[in-house]
Amino acid sequence: ITLAYPDGQYDYLKDEVARRLTDRLNDVSPAKKFPNCLDLGALSGHVRKALTDFTAKNKGITKIHQLEMSEKLLQRDFGKNEPDGVDTSYQVWEEGTKLPFE
């Protein structure tokens, strides 16, 4: 769907899934922190956009790594709706290559 409709026609579906996913972070024990967030298959950053300032601060998220195979999708909403105090990296990732993390 994403490559067939790059104009964002179905973004509302992806935004809803991302909102529900990030909402679940608040259900995890308050003591559990997630300083790094990996969004593999980030598309145009739906998780980043759904991550509210409250959730980011509550869960101690300081860095979001967005990896996507399509550079066009990754750059589509570059820099929009970034939570305060959270650094975002954008990387094009090719399937079959090792993730750039330890």
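Throughout, numbering of the chain's residues begins at 1 and tracks the sequence.
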Is it possible for you to say whether V47 and V17 belong to one hydrophobic cluster, with membership spreading through side-chain heavy-atom contacts below 4.5 Å? no

Distance, nearest 0.5 Å, that separates CG of N58 from CZ of F34: 10.5 Å

Student check: side-chain heavy atoms of Y90 and R48 closer than 4.5 Å: yes

Among D15, D77, T22, which one satisfies side-chain hydrogen bond (donor to acceptor under 3.5 Å, both in side chains) with K49? D77

Using a 4.5 Å cut-off on heavy atoms from C-beta on, say whether the side chain of L51 contacts that of L25. yes

With heavy-atom distances below 4.5 Å as the criterion, would you say the side chains of E94 and M69 are in contact? no

Any idea which heavy atoms bring P30 and K59 closest together, and the distance? CA-NZ, 3.9 Å

Are I64 and V28 connected in the hydrophobic side-chain network, where two residues link if heavy atoms are under 4.5 Å apart? yes

What residue pairs, at least two apart or across chains, pass side-chain hydrogen bond (donor to acceptor under 3.5 Å, both in side chains) with a residue in residues 32-44? S44-H46, S44-R76

For D23 and R20, run salt bridge (charged side-chain N to carboxylate O under 4.0 Å, His left out): C-alpha distance rounded to whole Å, both residues' side-chain angles, the deciding distance at 0.1 Å, then the answer. CA-CA 5 Å; D23 189 47; R20 290 180 186 200; over 6 Å; no

Is atom CD of E71 surrounded by more than 12 heavy atoms (other residues, nucleotides or ligands) closer than 6.0 Å? no

Taking the side chain as every heavy atom from C-beta outward, state whether L67 and L99 have any pair of such atoms under 4.5 Å apart. yes

Do H65 and K63 have side-chain heavy atoms sitting under 4.5 Å apart? yes

Reported CG-to-CG distance for the pair L43 and L73, which is rounded to 0.5 angstrom: 6.0 Å

On a heavy-atom basis, which atom in A56 and which in P83 lie closest, and how many Å separate them? CB-CB, 4.3 Å

V92 and E68, any side-chain heavy atoms less than 4.5 Å apart: no

Would you call L21 and R24 a side-chain contact if the rule is heavy atoms closer than 4.5 Å? no

